[in-house]
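What follows is a set of notes on a single structure, which appears directly below.
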Amino acid sequence: MNNYPPPDPRRSSISFDEWIAIFIALGTIGTILVVSLVPKGRAWNFLSGLATGETTSQPIFTVRENPLAIFSPTEKAGEREIGDRASSQRTTTDESAVKSPQQQQTVIKSAETQTTPILVKPATSTEAEELSKDTLTPETTTLETDPPIAPGTVTPAVETVDPEQTTVEEPQLTTPSPELSSEPEAETVTEPRFEDVSPDYWAYPYIEELADRGIISGVSAESFQPNRPITRQEFAFILENAFENQPILKESNFEDVDAEVLSRLQQQGISQTNGFLSGYPGNRFLPNEDISKLHVLVALASGLNLTPTGDPNNVLQVYQDATQIPDYAREKLAATTEAGIVVNYPNPQQLEPNRPATRAEVAALIYKSLVSQGKARQINSQD
């Protein structure tokens, strides 16, 4: 038997202080349940919730202030996956910031831009389980995650290269430069064909060109004898070589020409109109007689059918000795003068028509005749 007094019937069953204690206990229990059931990475934001009354499904990132908090491997994987999803929605990421090892352990990721505050309602146990499954259960698609960062290491910034802006330099081909030699290059010196015709001789280019073509030849292999007079037969052979398929003689019944030579000169035909050479009275050709410069020019004008365009007397006034030209030859010489065939060396105004033509003069006159016919190139000479 106890000594407690009987209960007072006027007193209520629970006092006011007891109700306060009950509310505090329930609030503490509720707080613990909410904290344990809210998915990781989500937090309360009373200001935005009270101001707008809206919620958003966009996750936010929080910093754990409790230094005693311990991350389990499962919790770290979930938070890592949530951080990777959020990284695709960020506008820009400050890749240049390097965090200390303490910050890498406590900070999962930080957004460069400020996100809108979110108010998250406490979820029931059923909603918490579904939300936990949606958040922590891996999806069927494989997410590319960065390898875990060991404490105390610094993550190097990765430079992203835009393939559209990447330019590929085309290889440049370089031609190897030739090796330079200190030794001077040997100059190519053309040896004169004939010993008696030096390169500074006035008719040297004419003689060399005609010799290259086989039109003229020297009196021997080493000598040309440029100042020696030329005979009528030698001149006929040069005409034959220079003007192929063109008649050389105007007539053929010469009694003083060797039959073999005459046969050769007749091979290209006989023509009174466009033959080069004619004979003297009595069927004579005088093959061994020196031919004068006058007769060389008359023969060229006859064989090339040259005629003057102006008055022959006016054309021939350029020569100081024009009065020495006979009347029958004045038209022919005027034609050769206009054609640019006449060569007077060393005085261009001295024709000297009755002087025997030299071998050098005949070479120059023949070459200039070929130039007038378009069969040779123009040569700059001293004449």
Side-chain angles (χ1 to χ4, degrees), residues 203 206 215-216 227-240 242-243 246-254 256-257 265 268-373 375 383:
Y206 304 122
I215 295 176
I216 61 174
N227 297 323
R228 195 195 81 177
I230 192 169
T231 65
R232 287 172 56 84
Q233 181 172 302
E234 289 174 335
F235 180 63
F237 288 155
I238 294 175
L239 290 174
E240 178 192 21
F243 304 98
Q246 188 167 344
I248 303 301
L249 301 177
K250 291 187 176 183
E251 51 189 306
S252 62
N253 55 342
F254 298 117
D256 56 350
V257 178
L265 296 177
Q268 295 183 192
I270 304 297
S271 175
Q272 285 285 343
T273 56
N274 59 352
F276 287 93
L277 293 172
S278 59
Y280 292 93
N283 297 328
R284 291 179 305 163
F285 184 74
L286 304 180
N288 297 321
E289 183 178 309
D290 296 337
I291 190 170
S292 65
K293 188 176 180 181
L294 174 69
H295 287 168
V296 169
L297 293 173
V298 170
L300 292 173
S302 299
L304 300 178
N305 290 322
L306 300 179
T307 56
T309 58
D311 185 1
N313 294 325
N314 294 334
V315 175
L316 296 177
Q317 286 180 358
V318 296
Y319 305 122
Q320 296 175 353
D321 52 355
T323 56
Q324 298 180 17
I325 303 173
D327 293 338
Y328 75 90
R330 296 184 71 86
E331 185 174 341
K332 300 291 185 182
L333 266 65
T336 55
T337 300
E338 289 182 342
I341 295 176
V342 178
V343 175
N344 299 320
Y345 182 84
N347 186 357
Q349 297 179 347
Q350 284 292 118
L351 181 61
E352 298 180 299
N354 299 313
R355 174 180 57 81
T358 64
R359 288 170 56 82
E361 287 176 327
V362 169
L365 294 174
I366 292 293
Y367 188 87
K368 284 183 171 289
S369 299
L370 293 174
V371 172
S372 68
Q373 300 297 304
K375 298 180 180 180
D383 61 275

For [X] versus [Y], what's the shortest heavy-atom pair and its separation?
X	Y	value
Leu286	Asp256	N-OD2, 2.7 Å
Arg330	Leu316	O-CD1, 3.6 Å
Phe243	Gln268	O-NE2, 3.1 Å
Val343	Lys293	O-NZ, 2.8 Å
Tyr206	Ala364	CD1-CB, 3.5 Å
Ser372	Ile341	OG-CD1, 4.0 Å

How long is the gap from [atom1] on [X] to [atom2] on [Y], to the nearest 0.5 Å?
X	Y	atom1	atom2	value
Asn274	Gln246	CG	CD	6.0 Å
Thr273	Asn305	OG1	CG	6.5 Å
Thr336	Leu351	OG1	CG	8.0 Å
Leu333	Tyr328	CG	OH	9.5 Å
Asp290	Arg228	CG	CZ	8.5 Å
Glu331	Ile325	CD	CD1	12.5 Å

Any sub-3.5 Å donor-acceptor pair from [X]'s side-chain atoms to [Y]'s backbone N or O?
X	Y	answer
Arg284	Phe254	no
Glu338	Thr309	yes
Gln272	Lys250	yes

Distance-only polar pair, side chains of Glu289 and Thr231, donor-acceptor under 3.5 Å:
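Not at all, the side chains of Glu289 and Thr231 share no donor-acceptor pair under 3.5 Å.
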Can Ser292 and Asn354 be said to form a side chain to side chain contact (heavy atoms under 4.5 Å, CB included), step by step?
CA-CA 6 Å; Ser292 65; Asn354 299 313; 5.6 Å; no
Go through Phe276 and Phe235 one step at a time and tell me if the ring-ring contact (aromatic ring centres under 6.0 Å, His included) criterion holds.
CA-CA 10 Å; Phe276 287 93; Phe235 180 63; 7.9 Å; no
With a 4.5 Å limit on heavy-atom distance, are the side chains of [X] and [Y] in contact?
X	Y	value
Ile270	Pro247	no
Arg232	Pro287	no
Thr358	Ile230	no
Tyr367	Ile215	no
Thr337	Tyr319	yes

Note: Glu361-Arg355 ion pair, threshold 4.0 Å (strictly below)
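Salt bridge present between Glu361 and Arg355.
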Could you walk me through whether Leu306 and Lys332 pass side chain to side chain contact (heavy atoms under 4.5 Å, CB included), step by step?
CA-CA 7 Å; Leu306 300 179; Lys332 300 291 185 182; over 6 Å; no
Decide side chain to side chain contact (heavy atoms under 4.5 Å, CB included) for Leu265 and Leu277; before the verdict, give the C-alpha distance in whole Å, the side-chain angles of both, and the deciding distance to 0.1 Å.
CA-CA 10 Å; Leu265 296 177; Leu277 293 172; over 6 Å; no
Begin from the C-alpha positions of Glu352 and Asp321 and carry the test side chain to side chain contact (heavy atoms under 4.5 Å, CB included) through to its verdict.
CA-CA 7 Å; Glu352 298 180 299; Asp321 52 355; 4.1 Å; yes
